[in-house]
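Data first, discussion second: the structure below is written as structure tokens.
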Amino acid sequence: MQCCPDCGIGMEWEAEHGNPACDACGAPSHAAFNFCWDCGASFEEDNEAGDTAEGYALDFDCHSRKCQGRVAWLMPYCPWCASAQRWQPSDETDAPVCVGCEAKLEPSWAFCAACGEEAPLPEDCFTCGAPLEQADCAARCEHCRRMVCGECFGDYTLLEPSARQREAKSGSPGVRELLLCSPCAEELGVSPIREEEPPASETREDEAPENGEEPVAARTAPPSSPWEVLGVAPGTPLAEVKRAYLALITQYHPDKVAQLGSKLQALAAEETRRLNQAWSELRQRSGPGH
């Protein structure tokens with residue numbers, strides 16, 4: 001796996017703490033590795049396999065039965081025995097095929113794990129089987145990551161403790177808003193988000209208050225277009241829109257706002273939702289027939 005299957009960002013091993021580099025290909029390495037993880041070149045060393053390398057977790061066993069080493073998910077070669085580590089493509093019959101490298105992709109991936117190419121959308125809704133081309137809208141469930149039509153997804157609230165609360169095993173859980181398909185909503189037991197109706201005593205939007213102020217409708221800002229949300233001009237090529245989306249979405253990643261207050265985390269979550277919605281809408285517009 002060379003790219004994140006969710007956002008398409010390339011994943012690379014980074015040199016830290018003065019780590020050595022491979023003489024054959026120049027890839028950053030580690031003093032305890034016996035082979036280059038990138039090209040498989042031998043370092044003519046016989047170090048014992050470890051679980052970590054300068055803070056990087058090596059979470060997966062090497063594919064070779066003769067090797068006791070562990071590898072990270074992005075390593076093409078085992079750094080202990082040089083056995084090739086290849087990501088196995090999906091074995092599902094109707095799995096989408098990457099248009100960039102023709103690898104079979106998991107239906108829950110938005111991007112190809114091998115080359116980062118945007119994954120083609122499935123033909124049918126995963127929940128009800130309706131053709132997605134005929135649906136008014138479609139979205140990817142934030143839990144199972146499957147694409148479903150507008151009739152099969154909705155906005156829900158999920159009570160979820162923050163990272164600090166999980167560590168301390170105390171405190172009231174926070175509220176997280178998720179776009180979920182109906183099966184995932186039922187599985188998680190979440191509550192749908194309902195728009196609150198204004199009290200009867202409030203001024204109607206089309207009525208002018210007696211004090212001569214502007215009507216409420218006149219003071220309410222119109223909803224932002226997806227172009228405005230992503231900060232690009234209408235008609236911008238999809239490749240440039242994608243780069244703008246990826247640059248913005250990383251700013252609001254949960255890891256980057258984990259140390260902020262709950263209100264700021266909620267604002268980051270809302271902005272992430274707006275960015276995802278805008279990107280999804282523009283990506284759908286660029287599909288066949290648009």
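Values below: every heavy atom of this structure, side chains too, minus hydrogens, waters and symmetry copies. Positions are given from 1, in the same order as the sequence printed here.
- Atom-to-atom distance recorded for Lys242:NZ and Leu230:CG is 13.5 Å, nearest 0.5 angstrom.
- At distances below 3.5 Å, not a single donor-acceptor pair connects side-chain atoms of Trp227 with backbone N or O atoms of Ala278.
- Considering CG of Asp155 and CD of Glu142, their distance stands at 8.5 Å, rounded to 0.5 Å.
- Nearest heavy-atom pair, Tyr77 versus Gly40, reported as atom, atom and distance to 0.1 Å: CD1-N, 3.7 Å.
- Phe33 has its ring centre less than 6.0 Å from the ring centre of Trp80.
- We find the CZ-SG distance between Phe153 and Cys181 to be 11.0 Å, quoted to the nearest 0.5 Å.
- Phe35 and Trp37 fall into different hydrophobic clusters, where Ile, Leu, Val, Met, Phe, Trp and Tyr are joined by side-chain heavy atoms under 4.5 Å apart, directly or via other members.
- With a 6.0 Å radius and a threshold of 12 heavy atoms from other residues, nucleotides or ligands, Glu271 has its CD atom above the threshold.
- Hydrophobic clustering, defined by side-chain heavy atoms of Ile, Leu, Val, Met, Phe, Trp and Tyr closer than 4.5 Å, groups Leu121 together with Leu132, Met147.
- In this structure, the separation between CD on Glu106 and CZ on Arg145 is 13.5 Å, given to the nearest 0.5 Å.
- A donor-acceptor distance shorter than 3.5 angstrom exists from the side chain of Glu228 to the backbone of Ser225, with no hydrogens or angles considered.
- The minimum heavy-atom distance between Ser108 and Cys144, with the atom names listed, is CB-O, 3.6 Å.
- Closest heavy-atom contact between Gly69 and Ala49: CA-CB, 3.4 Å.
- The 12-atom threshold is not exceeded at CD of Glu123, counting heavy atoms of other residues, nucleotides or ligands nearer than 6.0 Å.
- Atom CG of Asp61 sits about 4.5 Å away from atom CZ of Arg70, to the nearest 0.5 Å.
- With hydrophobic clusters built from ILVMFWY side chains whose heavy atoms lie under 4.5 angstrom apart, Leu105 does not share a cluster with Val97.
- Checking side-chain atoms of Asn47 against main-chain N and O of Asn34 turns up no donor-acceptor pair under 3.5 Å.
- Counting heavy atoms of neighbouring residues, nucleotides and ligands inside a 6.0 Å radius, atom CZ of Phe126 does not exceed 12 of them.
- For Val99, the side-chain contact (heavy atoms from CB on, under 4.5 Å) partners at least two apart in sequence or on another chain are Glu117.
- Interatomic distance, Asn276 CG to Ile249 CD1, rounded to the nearest 0.5 Å: 4.0 Å.
- For CD of Gln68, the number of neighbouring non-hydrogen atoms (other residues, nucleotides, ligands) closer than 6.0 Å is 12 at most.
- Around atom CD of Glu102, no more than 12 heavy atoms belonging to other residues, nucleotides or ligands sit under 6.0 Å away.
- Between Cys78 and Cys67 the shortest heavy-atom distance is SG-SG, 3.9 Å.
- Nearest heavy atoms, Arg140 versus Ala110: NH2-CA, 3.6 Å.
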